[in-house]
Amino acid sequence: MGSLCSAGVVVLLDEFQTCHAGPLRGFPSLLQAEVDRLQDRDTAGGLILLGSVQAEMGALLNDRRAPLFGRSTFAISLEPWSLATVFEVCREHGAADPARCLTLWTLFGGVPKYWRHYAEQGTDLHGIPGWTPWAQQVCEGLFLRSDSPLRGEGESLLGRVRRNYVALLRVIAERGPCTHAELQVSAPELSLGPYLKTLGQDLRLVERQDPVFGEGRRRGRYAVSDPFLLAWLKVIQPACQAARIEPVSRVAERLTARLRTLEGFAFARMVREATEAASRAGVDFPVSDRVKGYWDRPRRNDVSIEIDIIAWNEEDRVVRFGSCERDAARHDPRSLETFRKQVDLFLESDSGSRFRRWRRELALYSVRFSSDQRADLEAGDYICHDMADFQRMLRPRERGPHGARPP
């Protein structure tokens, strides 16, 4: 490698995190001597280290005791695809239908590898009518058959995580966003602090969600941050185990039903991301801060407040409250009444007092609104956005001659 770099070649080492332990443990020390020698010369080449396990890469390169500490000249972190890119890929691969797009995003998030496996299933999936038979075929082809490309993906992801950490991940995935106290009840034998720190800060598999305006208080909730891992722990892995002894088609039916439930939680997350992306693009409500949900139990009463989305514009003094339902029919009169009461309770609380004199907007989100549903709800002074709206908002505008965007 030293000779190649000296000759002007750029060398790439993939899976460098495997040098963190095992028989390659001494390799970074050997590499250190060569890197130091090359840095003392006017070398035309270069060395790029690649690795997908961020915590282990950080330990190898950024830990003060690591042989390669202080020798990196630059770092590039690859984030998942943006939601706009996900929508574009869905259009290109026959999944532009909002319900199908949500399913794939719930399973894959923005990781290109998983989307490639879906694309390799071919065009046969495109012509399947209806969401249910299509989703069953997707699950069978990608996860449940003996030759499915992603059948062992979850186990591979968890292979480097110790048993107690995996057990805690399963609890967090099954219970959904849950508090420290709720986790302690489910895992009384564990001292949660160090485990949550490792899963959150080091491995980045768990995120702490704080209620808007409530950072630093003991109302934070923990959730699995990676969409694929959440889907794996919650719905895919049990189905893969069942498919070993049951007909695949029967298992796919159950998996599809559980996946539909999981999509309800994923949809709220998608709406928050889409709202921020639309704000950045200047095509929807301009947001002054990160879009978050809100939950709390004010001391003055025992009624819990939970609102899916709170977004505000400081300059225009406008606050938008949002309610997310995967199926538009769930925005029924009873649900709308509860939504309005939750908003009123929030505005009466200490956290919401700053917005009492602001103009408020009530927004309803669903995968798809029919024209009649939209008309009825908008007549009640609600703003309605579905996934087709966000797909349209975030669609790249076609470029004119010489790459210029049309006015």
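- The two residues Gly109 and Trp115 make their nearest non-hydrogen contact at O-NE1, 3.1 Å.
- To the nearest 0.5 angstrom, Arg356 atom CZ is 10.0 Å from Phe346 atom CZ.
- Ring centroid separation for the pair Tyr195 and Tyr165 comes in under the 6.0 Å cut-off.
- With a 4.5 Å cut-off on side-chain heavy atoms, Leu347 and Arg360 count as touching.
- Within the 4.5 Å cutoff, the side chain of Gln39 has heavy atoms near those of the Arg71 side chain.
- Atom CH2 of residue Trp312 and atom CH2 of residue Trp358 lie 8.0 Å apart, to the nearest 0.5 angstrom.
- The closest donor-acceptor contact from the side chain of Ser335 to the backbone of Asp332 lies at 3.5 Å or more, if one exists at all.
- Counting heavy atoms from C-beta on, the side chains of Leu107 and Phe143 come closer than 4.5 Å.
- Looking at Thr103 and Val138, their side chains never come closer than 4.5 Å, going by heavy atoms from C-beta outward.
- Listed here is the closest heavy atom pair of Glu140 and Ala252: CG-CB, 3.6 Å.
- Put simply, the side chain of Asp308 gets close to the backbone of Cys324: a donor and an acceptor are under 3.5 Å apart.
- The closest side-chain heavy-atom distance from Arg320 to Thr275 is not below 4.5 Å.
- Side chains of Glu15 and Gln17: a donor on one and an acceptor on the other come within 3.5 Å.
- Contact annotation: the side chain of Arg395 approaches that of Arg91 to within less than 4.5 Å [non-hydrogen atoms, C-beta and beyond].
- For the atom pair CG (Leu336) and CG (Leu362), the distance works out to 9.5 Å, reported to the nearest 0.5 Å.
- Each of Arg392, Arg368, Arg374 was evaluated against Asp386; a single residue qualifies, Arg374, per the salt bridge (Lys or Arg N to Asp or Glu O under 4.0 Å) test.
- Inter-residue side-chain proximity for Tyr114 and Glu153 is flagged as met; some heavy-atom pair is nearer than 4.5 Å.
- Of the possible polar contacts, none joining the Arg254 side chain to the Ala239 backbone as a donor-acceptor pair under 3.5 Å is found.
- A distance of 6.0 Å separates CZ in Arg244 from CZ in Arg151, rounded to the nearest 0.5 Å.
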Full working for salt bridge (Lys or Arg N to Asp or Glu O under 4.0 Å) between Arg269 and Glu207: CA-CA 13 Å; Arg269 187 176 74 247; Glu207 62 181 358; over 6 Å; no
